[in-house]
Amino acid sequence: MSNHRPNEARVIPLRPPGARPAGAVPRQAPPAPAAKEPLWRDLVGDVLRRERLAQERTLKDVADQARISMPYLSEVERGRKEASSEVLAAAAHALGLNLADLLTRAQGELARVTTRHAGGSRRGASTSSHDGMCLAA
């Protein structure tokens, strides 16, 4: 008498769990995913938000002075909207910056972040089994 119900599939394993076929090469762990570079809109938004907070100003105050909606400025600061150069210039001017200042700061942030990511990937390429650890007796 069979223990399975008529409408259920029965699975019969061909080899025990964890067993490998004879001569099989063990699988290597997949390579670590490469760190993603930040998006330009995220960097520009971070610069705008940092500058606004440094000046202790509200979103409403800056949005009103820039003549853009407060929800839109919030989306730009959070990197959710790809703002036009006109909108970025207006927000920058409202914060006492010009467009070049804003973009230079965002470029500096991009260089800093990508340098940090590049430094991390070189360390992973090390052939040493100790990977930077100091062993002392």
If you round to the nearest 0.5 Å, how far is [atom2] of [Y] from [atom1] of [X]?
{"X": "L102", "Y": "L48", "atom1": "CG", "atom2": "CG", "result": "5.0 Å"}
{"X": "L95", "Y": "R52", "atom1": "CG", "atom2": "CZ", "result": "8.5 Å"}
{"X": "T114", "Y": "E109", "atom1": "OG1", "atom2": "CD", "result": "10.0 Å"}
{"X": "L73", "Y": "R49", "atom1": "CG", "atom2": "CZ", "result": "8.5 Å"}
{"X": "T115", "Y": "L110", "atom1": "OG1", "atom2": "CG", "result": "8.5 Å"}
{"X": "M70", "Y": "K60", "atom1": "CE", "atom2": "NZ", "result": "7.0 Å"}

Show, in sequence, the C-alpha distance, side-chain angles and deciding distance for H93 and Q65, and conclude whether the side-chain contact (heavy atoms from CB on, under 4.5 Å) test is met. CA-CA 9 Å; H93 286 276; Q65 190 171 349; over 6 Å; no

Does the pair E51 and L97 meet the rule for a side-chain contact (heavy atoms from CB on, under 4.5 Å), with working shown? CA-CA 9 Å; E51 186 60 31; L97 304 171; 4.0 Å; yes

Verify same cluster id: V47, W40 (apolar side-chain graph, 4.5 Å): yes

Can I68 be reached from L99 by stepping across I, L, V, M, F, W or Y side chains whose heavy atoms are under 4.5 Å apart? yes

Please confirm whether the backbone N or O of D61 pairs with a side-chain atom of D64, one donor and one acceptor, at under 3.5 Å?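 Here the side-chain-to-backbone pair does not exist.
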
Smallest separation among heavy atoms of V76 and A83, with atom names: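 Shortest heavy-atom separation between V76 and A83 comes out as CG2-CB, 3.8 Å.
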
Would you sort out whether V87 and K81 count as a side-chain contact (heavy atoms from CB on, under 4.5 Å), showing the intermediate values? CA-CA 11 Å; V87 169; K81 296 291 182 189; over 6 Å; no

Under a 4.5 Å cut-off applied to non-hydrogen side-chain atoms, are E77 and L59 in contact?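 With C-beta onward as the side chain, the pair touches.
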
